[in-house]
A.B. asks: 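Have a look at the structure that comes next, please.
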Amino acid sequence: MKLIIAYIQPDKLNSVKQELYKREIYKISITNALGCGQQMGYTETYRGVDIEVNLLKKLRIEIAVNDSFVSSTTEAIINGAGTNSIGDGKIFIVPIEECIRIRNKDTGAKAIG
Amino acid sequence: MKLIIAYIQPDKLNSVKQELYKREIYKISITNALGCGQQMGYTETYRGVDIEVNLLKKLRIEIAVNDSFVSSTTEAIINGAGTNSIGDGKIFIVPIEECIRIRNKDTGAKAIG
Amino acid sequence: MKLIIAYIQPDKLNSVKQELYKREIYKISITNALGCGQQMGYTETYRGVDIEVNLLKKLRIEIAVNDSFVSSTTEAIINGAGTNSIGDGKIFIVPIEECIRIRNKDTGAKAIG
Amino acid sequence: MRYKIALLVSVLLMISCGTLFADELAETVALHQEALDMIWLLLAAALVFFMQAGFAMVEMGLTRAKNAGNIIMKNLMDFCAGALIYWALGWALMYGSSNGFFGFSQFFIKGADATLFRDWMFQVVFAATAATIVSGAMAERTKFSAYLIYSVFISGIIYPISGHWIWGGGWLAEMGFHDFAGSTVVHSVGGWAALMGALFLGPRIGKFVKVNGKTTSKAILGHNLPLASLGVFILWFGWYGFNAGSTLSGTDMTMATVAVTTTLGASAGAIAAMLISWIHFGKPDVSMSLNGALAGLVGITAPTAVVTPFGAVLIGLIAGIIVVYSVEFIDKVLHIDDPVGAISVHGVCGLWGTLAVGLFGATDDVRGLFYGGGFTQLGIQALGALSVFIWVALSAGLLFFIINKAHGLRVSEKEELVGLDLSEHGTESYSGFQIFTTM
Amino acid sequence: MRYKIALLVSVLLMISCGTLFADELAETVALHQEALDMIWLLLAAALVFFMQAGFAMVEMGLTRAKNAGNIIMKNLMDFCAGALIYWALGWALMYGSSNGFFGFSQFFIKGADATLFRDWMFQVVFAATAATIVSGAMAERTKFSAYLIYSVFISGIIYPISGHWIWGGGWLAEMGFHDFAGSTVVHSVGGWAALMGALFLGPRIGKFVKVNGKTTSKAILGHNLPLASLGVFILWFGWYGFNAGSTLSGTDMTMATVAVTTTLGASAGAIAAMLISWIHFGKPDVSMSLNGALAGLVGITAPTAVVTPFGAVLIGLIAGIIVVYSVEFIDKVLHIDDPVGAISVHGVCGLWGTLAVGLFGATDDVRGLFYGGGFTQLGIQALGALSVFIWVALSAGLLFFIINKAHGLRVSEKEELVGLDLSEHGTESYSGFQIFTTM
Amino acid sequence: MRYKIALLVSVLLMISCGTLFADELAETVALHQEALDMIWLLLAAALVFFMQAGFAMVEMGLTRAKNAGNIIMKNLMDFCAGALIYWALGWALMYGSSNGFFGFSQFFIKGADATLFRDWMFQVVFAATAATIVSGAMAERTKFSAYLIYSVFISGIIYPISGHWIWGGGWLAEMGFHDFAGSTVVHSVGGWAALMGALFLGPRIGKFVKVNGKTTSKAILGHNLPLASLGVFILWFGWYGFNAGSTLSGTDMTMATVAVTTTLGASAGAIAAMLISWIHFGKPDVSMSLNGALAGLVGITAPTAVVTPFGAVLIGLIAGIIVVYSVEFIDKVLHIDDPVGAISVHGVCGLWGTLAVGLFGATDDVRGLFYGGGFTQLGIQALGALSVFIWVALSAGLLFFIINKAHGLRVSEKEELVGLDLSEHGTESYSGFQIFTTM
Ligand SMILES: Nc1ncnc2c1ncn2[C@@H]1O[C@H](COP(=O)(O)OP(=O)(O)O)[C@@H](O)[C@H]1O
Ligand SMILES: Nc1ncnc2c1ncn2[C@@H]1O[C@H](COP(=O)(O)OP(=O)(O)O)[C@@H](O)[C@H]1O
Ligand SMILES: Nc1ncnc2c1ncn2[C@@H]1O[C@H](COP(=O)(O)OP(=O)(O)O)[C@@H](O)[C@H]1O
């Protein structure tokens, strides 16, 4: 089992969700994040004074999947969030050793979906 | 050492905390999350128009523990957050390779507690 | 590749960022968190009634790095966030199995930076 | 002789002309009198109406985000339902022809002319104020439908009847009870009804925690102090209509005294509450200072027209002190959960203001203890305040008892935890904002 | 003889003295008449001005956080630009010497004396109200520069011309069309312009989703109901200036009737909308109830001075019902995206209020169908409402068409998704707050 | 003879009757005069009071969430403390019997009648306005206790003394200095005190960054533009009381001119600031446009009664331009940290408004350079503005210097980073909301 962590542009959430649904991946968790990557931050001005917004608003997605789903999940994210431009984001894959469904104490591959 | 990540219903935080305290687990970090799992989202209406709230508000808990504490921690979470109903949440266990206390640079098992 | 997760005091973000920049680590993601650790929470009063704020506001930092950068990253965080006082925070290091840049599907060590 | 007659005629003509002219002038001047009263009372009524916004903001600001929409609905609807019932019934009971205890005529303000329309307008906003005070004390746990029922009864019956005693020519008015703008008529009535409501409801989940048999009180923080402060400013602004408008006449120059004593009383109240909270809790507390301003305003409302500036400052200072200790007492000793402090601000300080008339009254008609008037006025004030307390405690108590039995007063635990916005109204007040929903 | 002469002289002296004195008095009284009108109208104008804040808060509250700053700018600037153009042009077209269809003199209110200054002041805030109504329906997707252009034309030309017909002595006024405070003149004009604007703009991204050829409507939640409710309270407060001020005279005692019917109409509207939403959607909806209060206010605006309290309650109730079904109809059937319900509240309920004059009018001059007046007044009202609808639909339609072609009316998809605050103004309205920006 | 006598008697009777009647009438008319003045001034005072809410909202909105509660306390308390000290001392220094430089009688407004109560009421809200202006410039870093001390001195001494020169019959009044509603008396005094406060405090942490010896200015964003915009609308609304009320009489018909020029000046100011920010920064800036409206209002405050509508528009436009460049200059060149732009809006534009009297004055009494009045009036205006600047710079400078030495003016770095709400008041203003606390 893997935990797939992805940072994407906020306005891409909907298309990522659609791509995931197409691949029958329905479970997903999202948090708000501020990110700083290659996209070095734009500069707004506020009353003519620069603000260096080098922390940009991003969404952080977590999807826990069985190993066999890893490639279709990353594919879905890439398809949904990719625009070929800086700031599209990153995917990190982390191993999960165990997964438990709180409701019925199912564990492992059974619990994850 | 393991990182225990759990998604729970927001109104269960208090009882989870109490269960953890009983087992002498005091360290915990919490973030706000939106989740989409088996509980397919309820539908609110707003001026009579449906809103598909398929992203539900969840709390994301992170607890880093030594291996010997894993089972009591998951037990505490399950006891505190479980209601036998859809939406109760999930627990993911991820390996931690190292842990450092910023204050005094302690590492490993000593640092985690 | 490792995922470095750190909890720090909110007002230390700037100095952490500066320490990271010095070491040429530019990529970083941040989320808001509530934490409960050794610093047992201060008590505010509100109209003379105690509030136990044992959940304190923290920042959660995530930095994905190649293995060779792990020590300089943790060093930067410790330098930037450490004040020798309780509540300074923790660093957890978690293994990353794969990293993908959404923009161009680069993977591995190439994608991370 | 012709000459004489000519003289006579011309003189008479001129005079009749003059008086004719004078008659017209007199009519115009009479119209101006009406117009001055009208303009003054309508604008004052508009100001008092605006206090509804103030109450809504204060109550929302001092409670949690998950119940904000419910508070909007309660404050909007107690005005709307209150206005309709005060039109149908309340006015008749309050200002209809009197038997000493209640009025009974002019239902649906039948046969109203401009003057009666004007007076109804000015009175309906006061009735709504009394009703809306209660909403704060019952916040975050009351069934919306139960609140609607309650609000019809307070505006339609409870408020008008005690109001009749004092402002409608009833028995307390006869005795010389003085409540210029309603410390008792409006604020205490609201405050005591709030007390009964909070009693019947019980505290919010998590408000009082029992550890080893000892109950300790926990703070549940308000989610939006800026909104609460805006509410206090709006209330203070509206209070110039509330107090100064209560001259009931646009040519009664005491309105200037009223404006000044109101300003000084409120200022002193805020300062006193700030200082007490500073001494007592170590920090100048924001929400206490806001409540202090309101306490000063409520305290000065009854005596505003009959006290000196010095008197007003003292009344305000004492109100500001009272409110802090009263909030503490109700919370920590009585363990009654009043989220915004409505009982203390309106009930207790309304009582204080009513008594203050008997202490600081400085006019020929109303002379208090400290100004050589002896105990008479004070006695009447105390009697009036007590009677109104008993009336409201009984009638509101009965009302809440019946609602509780017949309909249920309180939402379920699950609904309370989720928040009334979602459970009672199916909405979120701050959609899109991240809020830690555990709080 | 000496005696006679002495008598004569003394008498004459006294009389002349008296008249002299009376003359002075008469002058003072005349000045007071002016002063009463002046004070009344200026304060009413200030109240109506404050409605700008109400509109801004309502519109902000009912839309998303990412566009709040843009709404501020639109509401501020349609007033500012509107005031300048109404000074230069609008007043002249509306109140200049008439040819029945528009006025044409007094550009830049040339040669104004105190009376004209006063009247311009009272009228400019009405013009700005009409302009600002549109902003809500066009929220969250309109180019700011396009909105600026639009707002100059509505305040400068569209509003003044139909206004002239009714309030400026034009052809509808001649026919006996009655619109006391502007259900048609102000609200319908704003509402129909809003309709045209929303039509030309098209819906916000994600508002209507086509699944299997069937379009379903999705809710896009407002981000700040507390702000929206504050806005409604401010609007209601300002409405006392809007309606009661429309007596145009400080000594016209119908202002009391107006205040009362306005209060009852608004209350009934809110209650009706709440009940309908409760029955219909299962919960008493907050934003619908708020809209219901506004619907009641808009509905009572035309007939406020000529109906009884009963009539006012009925008009309000019906307005409250209309607004719920109208919002549903426009959203679910017509698929027009009106984020705040401006078309329903101001356009449709403005129409209802205008017709209600012909149904509920109860005075000698204006007698409606239900009060024995037959169909005459109703017919005139319908004709007037229709004429104004046609005028606004054509002129505003043309205006938006030209702006759309020549300049572009709508921001790009990217800009809309990011939010107008960032894309049009380079700012965030809630800096530091965490907001789920996907919404 | 009998006849004659009868005639005589009857004539005399009628006349005396008439005059008797006339006497009564004259008394009533005199009362109406008083009532008109009273109603006008009290309602205007209430409007000006409400500006406190406006200032609080603007200042809160343009600063960070972590200091919102502190701003509430400062704005509330400078009014409350200011009212008490203006009662005890300020009025006496400003309007007591004069020696040309300050008044000295009527401490505690001793022996006040209705007229004096009325005048004090109208004046106290102006004093509070001057005091509260400073709070914005000193936001986010000032010790609360130090601010309290400051506010007692400005309302008690600094403001009353220069006020005496101009409005209290002092030496500037004697010279013909014209400041109708207080561009200098109120706004410049506040603005220059704000300048001194900001100077002594130094900038907020992170506001100015030194890179390679070059200081660059960083923006620290306000957390709540909707609140700020509400504040501006409230201020504008209140300004109708501020300016039009300054006729000081309910029968002075120039109030209409004042209302019109105020409206046009503010509108022009907002538009100018928007356009300049658009040209200059590439986007129409929200907070600058809001400041532009305020700049227009401040600029028109002195000349409002003596200029034409054209003059008002020009004055507003120029104020709107000035404010943008002044904010830039103070920030980027002088490196003084004024979080809300109070120095520019009130100090600099107050100066501009004062001079504008000497340029655009168009009445017989006050005739400016552009209207054939030569340089005389302009010279007097300049002299007055300069004198007041010197007075405030010296007195406020000394005050802040002493507070700084004796008590400390600024919170510690840790307290500033954590935010004044927690460190000074032990509270959070937005409990439950997630806020990125690093900002
Ligand atoms: N090494 C990293 N560690 C943590 N977060 C990262 C890392 N690299 C990227 N991110 C996150 O991903 C977001 C997008 O990264 P960025 O480098 O701007 O995109 P791209 O690689 O497409 O140019 C960043 O804002 C940040 O939140
Ligand atoms: N595979 C997963 N990946 C990421 N988050 C998940 C996953 N499964 C569940 N979650 C999180 O847990 C929450 C509860 O899951 P849900 O399936 O509704 O509960 P249950 O399994 O008890 O029915 C979800 O809202 C989501 O936030
Ligand atoms: N074992 C843990 N699991 C999860 N979060 C932790 C853990 N230990 C510490 N934290 C996080 O780090 C923060 C700081 O920890 P704390 O123990 O107060 O600091 P210190 O170790 O320097 O005294 C906590 O508020 C919490 O958010």
Side-chain angles (χ1 to χ4, degrees), chain D residues 8 11 15 18-19 22 25-26 29 32-33 36 39-40 43 47 64-65 221-226 229-230 232-234 236-237 240-241 244 250-251 253-257 259-260 263-264 266-268 270-271 274 281-287 289-290 293 309-310 313 430 433-436 439, chain F residues 4 7 11 14-15 18 21-22 25 28-29 31-32 34-36 38-39 42-43 45-46 49-50 52-53 56-57 60 68-69 72-73 75-77 79-84 87 108-109 112 114-118 120-121 124 144 224 227 230 421 424-434:
Chain D
L8 187 67
V11 164
I15 291 169
T19 49
L25 208 64
V29 171
H32 287 181
Q33 179 66 45
L36 285 163
I39 290 177
W40 180 239
L43 289 171
L47 284 172
R64 285 165 294 179
L221 272 75
H223 83 281
N224 204 328
L225 287 187
S229 77
L230 175 63
V232 168
F233 280 116
I234 289 176
W236 189 330
F237 173 52
Y240 288 114
T251 53
M253 293 301 116
T254 48
M255 58 175 80
T257 322
V260 171
T263 306
L264 290 174
S267 298
I271 288 174
M274 176 189 75
F281 318 145
K283 304 257 180 184
D285 189 85
V286 180
S287 88
S289 306
L290 293 173
F310 271 107
V313 170
Y430 296 99
F433 279 97
Q434 277 222 52
I435 294 171
F436 263 113
M439 294 183 180
Chain F
K4 261 192 235 165
L7 171 68
V11 165
M14 286 172 86
I15 291 169
F21 178 79
L25 209 64
T28 313
V29 171
L31 178 67
H32 287 181
E34 273 183 66
L36 284 164
M38 184 65 86
I39 289 177
L42 288 190
L43 289 172
F49 168 79
F50 195 39
Q52 295 291 322
M57 298 303 120
M60 264 193 270
I72 295 170
M73 286 299 273
N75 279 271
L76 182 67
M77 286 305 156
F79 184 89
C80 294
L84 293 189
W87 164 59
F108 295 95
I109 51 169
T115 310
L116 203 150
F117 276 134
R118 179 196 75 194
W120 182 83
M121 185 66 223
V124 72
F144 178 62
N224 204 328
L227 228 51
L230 176 62
D421 284 8
E424 289 278 274
H425 307 286
T427 195
E428 272 178 89
S429 291
Y430 296 99
S431 164
F433 280 97
Q434 277 222 52

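These numbers come from a predicted model, not from an experiment.
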A.B. asks: Do you know which of L230(F), T28(F), L76(F) has the most heavy-atom pairs under 4.5 Å to chain D?
C.D. replies: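 The option with the most such pairs is L76(F).
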
A.B. asks: Can you tell which part of V313(D) gets under 4.5 Å to a heavy atom of chain F, answering side chain, backbone, both or neither?
C.D. replies: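 Contact with chain F is through the side chain of V313(D) alone.
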
A.B. asks: Considering all heavy atoms of both residues, which atom of G250(D) and which atom of I39(F) are nearest to each other, and what is their separation?
C.D. replies: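 Between these two residues, the closest heavy atoms are O-CD1, 3.6 Å.
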
A.B. asks: Just how far is it from atom CZ of F433(F) to atom CD of Q434(D), taken to the nearest 0.5 Å?
C.D. replies: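 Nearest 0.5 Å value for the CZ-CD distance: 11.5 Å.
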
A.B. asks: Do P226(D) and L227(F) come close enough that some side-chain heavy atom pair is under 4.5 Å?
C.D. replies: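 Side chain of P226(D) against side chain of L227(F), heavy atoms only: contact under 4.5 Å found.
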
A.B. asks: With under 30° as parallel and over 60° as perpendicular, where do the rings of F237(D) and F50(F) fit, or are they tilted in between?
C.D. replies: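 The arrangement is parallel - the two ring planes meet at less than 30°.
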
A.B. asks: Is any side-chain heavy atom of E424(F) less than 4.5 Å from a side-chain heavy atom of K283(D)?
C.D. replies: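 Of all side-chain heavy-atom pairs linking K283(D) with E424(F), none is under 4.5 Å.
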
A.B. asks: Report the distance from atom CG of L25(D) to atom CG of L25(F), rounding to the nearest 0.5 Å.
C.D. replies: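 Answer rounded to 0.5 Å: 5.0 Å.
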
A.B. asks: Between CE of M38(F) and CE of M255(D), what distance do you get to the nearest 0.5 Å?
C.D. replies: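 These two atoms lie 6.5 Å from each other.
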
A.B. asks: State the CG-CG distance between L31(F) and L36(D), to the nearest 0.5 angstrom.
C.D. replies: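 Output value for this atom pair is 8.0 Å.
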
A.B. asks: Would you indicate whether the side-chain heavy atoms of I72(F) and V232(D) approach each other to under 4.5 Å?
C.D. replies: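 No; the side chains remain at least 4.5 Å from each other.
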
A.B. asks: Could you tell me which portion of I234(D) (side chain, backbone, both or neither) has an atom closer than 4.5 angstrom to a non-hydrogen atom of chain F?
C.D. replies: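 Both backbone and side chain of I234(D) come within 4.5 Å of chain F.
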
A.B. asks: So what's closer than 4.5 Å to chain D heavy atoms on A56(F): side chain, backbone, both or neither?
C.D. replies: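 When you check distances to chain D, only side chain atoms of A56(F) fall under 4.5 Å.
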
A.B. asks: Which of the residues P284(D), A259(D), A266(D), S289(D) is involved in the greatest number of heavy-atom pairs with chain F at under 4.5 angstrom?
C.D. replies: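 Sorted descending by pairs with chain F, the first entry is P284(D).
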
A.B. asks: So which heavy atom on T251(D) is nearest to which on H32(F), and how close?
C.D. replies: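 Heavy atoms only, the tightest pair is CG2-CD2, 3.9 Å.
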
A.B. asks: With side chains defined as the heavy atoms from C-beta onward, is the minimum distance between L43(F) and W40(D) less than 4.5 Å?
C.D. replies: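 A side-chain contact under 4.5 Å exists here.
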
A.B. asks: Which one wins on heavy-atom pair count under 4.5 Å against chain D: A83(F), G69(F), A46(F)?
C.D. replies: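 The residue among A83(F), G69(F), A46(F) with the greatest pair count is A46(F).
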
A.B. asks: Within a strict 4.5 Å, meaning less than it, do heavy atoms of the S229(D) and M73(F) side chains meet?
C.D. replies: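 A side-chain contact under 4.5 Å is absent here.
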
A.B. asks: Between T263(D) and F79(F), is any pair of side-chain heavy atoms under 4.5 Å apart?
C.D. replies: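 Yes. Closest side-chain heavy atoms under 4.5 Å.
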
A.B. asks: Find the distance between CD (Q52(F)) and CH2 (W236(D)) and round it off to the nearest 0.5 Å.
C.D. replies: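 Atom-to-atom, Q52(F):CD and W236(D):CH2 are 8.5 Å apart.
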
A.B. asks: Under a 4.5 Å heavy-atom cut-off, does chain D meet the side chain of A68(F), its backbone, both or neither?
C.D. replies: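 Contact with chain D: side chain only.
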
A.B. asks: By a 4.5 Å heavy-atom criterion (distance strictly below it), what part of F310(D) contacts chain F: side chain, backbone, both, or neither?
C.D. replies: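 For F310(D), backbone and side chain are both near chain F.
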
A.B. asks: Measuring heavy-atom distances to chain D, does F49(F) have an atom under 4.5 Å in its side chain, in its backbone, in both, or in neither?
C.D. replies: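 Answer is side chain: those atoms of F49(F) sit under 4.5 Å from chain D.
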
